[in-house]
Trainee: 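First the structure, which I've put down as structure tokens, then a few questions once you've had a look.
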Amino acid sequence: SWNNGFVDNFHKGYYDAEVSVIEKEKKRKVQLTYVLKGNEPYVISRYGISLPDDSVMSIIEQRDTATILKEGQLFDVSLMEQERESITSKLRDRGYYNFQKELLGFTADSANHKVDVVLSLQDRYLHSDSLQKIKKKKKTVGNIYIYNIADAANLLTLSSDTVVLD
């Protein structure tokens, strides 16, 4: 429907988009034509990440994937969501299993269709102990031992349904 297209474009940086309706009436029927004028889109002029914890920032900076948001891109809400998910995934991979993407938020400052975007911890979490609880709950995996089959045969008592190959 026209509304879905309008909303999709709106979230892709076309915040000044205009919609007009042309009505044609014939007998008892009405034909509606929607005209969507995108106007100039908003574009990311600068993007930065600002978190109050150095250990979390170093993990984010060491990501093996590039940031999803880049200067010159349309100010796209779906890309911002992907960026939050990417950072959350990386932090969870590094032991912050309780980290939630909802902790992260964006601040956008715009002028002349150029947007400065900063990803940061949402204000309501800055003044609570939520981040501290998550940091204290960082998990690590202890010792991992890998044995080949010959070693495993010596270490474990094999049950009667185990097949041993020579």
Trainee: Would you say E83's side chain and I68's backbone share a donor-acceptor pair under 3.5 angstrom?
Mentor: yes
Trainee: Should L51 and I60 count as side-chain neighbours, where that means a heavy-atom distance under 4.5 Å?
Mentor: yes
Trainee: If the condition is ring-ring contact (aromatic ring centres under 6.0 Å, His included), which residues does Y42 pass it with, not counting sequence neighbours?
Mentor: Y15, H113
Trainee: Taking salt bridge (Lys or Arg N to Asp or Glu O under 4.0 Å) as the test, write out the residues that go with D93, two or more places apart.
Mentor: none
Trainee: Between D76 and S78, is there a donor-acceptor pair closer than 3.5 Å when you use the side chain of the first and the backbone of the second?
Mentor: yes
Trainee: Are I22 and V35 side-chain neighbours, meaning at least one heavy-atom pair lies under 4.5 Å?
Mentor: yes
Trainee: Verify, without hydrogens or angle tests, whether T88 (side chain) and R84 (backbone) share a donor-acceptor contact under 3.5 angstrom.
Mentor: yes
Trainee: Is the shortest heavy-atom distance from the side chain of L104 to the side chain of I87 under 4.5 Å?
Mentor: yes
Trainee: Would you say the side chain of N39 lies within less than 4.5 Å of the side chain of E18, judging by non-hydrogen atoms?
Mentor: yes
Trainee: Do L91 and I59 have side chains that get closer than 4.5 Å, going by heavy atoms?
Mentor: yes
Trainee: Please round to the nearest 0.5 Å and tell me the distance separating atom CZ of F99 and atom CZ of R92.
Mentor: 9.0 Å
Trainee: Nearest 0.5 Å, what's the CG-CD1 distance between L79 and I44?
Mentor: 7.0 Å
Trainee: Would you say Y96 and S55 make side-chain contact, with heavy atoms under 4.5 Å?
Mentor: yes
Trainee: Between Y47 and Q73, do the side chains contain a donor N or O and an acceptor N or O under 3.5 Å apart?
Mentor: no
Trainee: Check for me, please, whether V43 and V118 land in the same ILVMFWY cluster - side-chain distances under 4.5 Å, paths through other members count.
Mentor: no
Trainee: Does a side-chain heavy-atom distance below 4.5 Å link Q62 with M57?
Mentor: no
Trainee: Count the heavy atoms of every other residue, nucleotide or ligand shown that sit under 6.0 Å from NZ of K70, and state whether that count exceeds 12.
Mentor: yes
Trainee: Please tell me if the side chains of F75 and V117 come closer than 4.5 Å, counting only heavy atoms from C-beta onward.
Mentor: yes
Trainee: How many angstroms lie between atom CZ of R46 and atom CG of L69, to the nearest 0.5 angstrom?
Mentor: 15.0 Å
